Amino acid sequence: MEDHAWRSVEVVRNKQGEPHVLQQKVTVYTAGVSEESSGYTKPEVQHRLVPLQSLVEFDGG
């Protein structure tokens, strides 16, 4: 079986100086022929930029 997930690659800033996370889509194999192949990830070509604030909750104190 396989599933998809997003792996964070790098934090970059946009033109306004706001931090964004560059993420790469990966295919995760959740069950394989052996124990070792379960959990194997294969990078995909698809990327996305996500605002850092949407991924992290900042505690003001």
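Remember, predicted model here, so these are calculated numbers, not experimental data. Counting from 1, the numbers follow the sequence of the chain as shown.
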| request: Kindly determine whether Q46 and W6 satisfy side-chain contact (heavy atoms from CB on, under 4.5 Å), including the steps that lead there. | output: CA-CA 10 Å; Q46 191 174 353; W6 290 93; 3.9 Å; yes

| message | Between V11 and V50, is there shared hydrophobic-cluster membership here, with clusters defined by ILVMFWY side-chain heavy atoms closer than 4.5 Å? | response | yes

| task | Give, for atom CD of E10 and atom CG of L22, the distance between the pair rounded to the nearest 0.5 Å. | result | 6.5 Å

Compile the donor-acceptor pairs under 3.5 Å between side chains in residues 14-21 and protein atoms, sequence neighbours left out, one pair per line.
from	atom 1	to	atom 2	distance (Å)
N14	OD1	Q16	N	3.1
N14	OD1	G17	N	3.1
N14	OD1	E18	N	2.9
N14	ND2	Q16	OE1	3.3
N14	ND2	E18	OE1	2.9
H20	ND1	E18	O	3.1

| remark: All heavy atoms of E44 vs all of Q24, minimum pair found to be O-NE2, 2.9 Å

| remark: Students should find that the hydrophobic cluster of V28, defined by side-chain heavy atoms under 4.5 Å apart, otherwise consists of V26

| Under 4.5 Å side-chain linkage, directly or through intermediates, the cluster mates of V45 | none

| message | So, applying side chain to side chain contact (heavy atoms under 4.5 Å, CB included) with Q23, which one of V9, L55, L49 is it? | response | L55

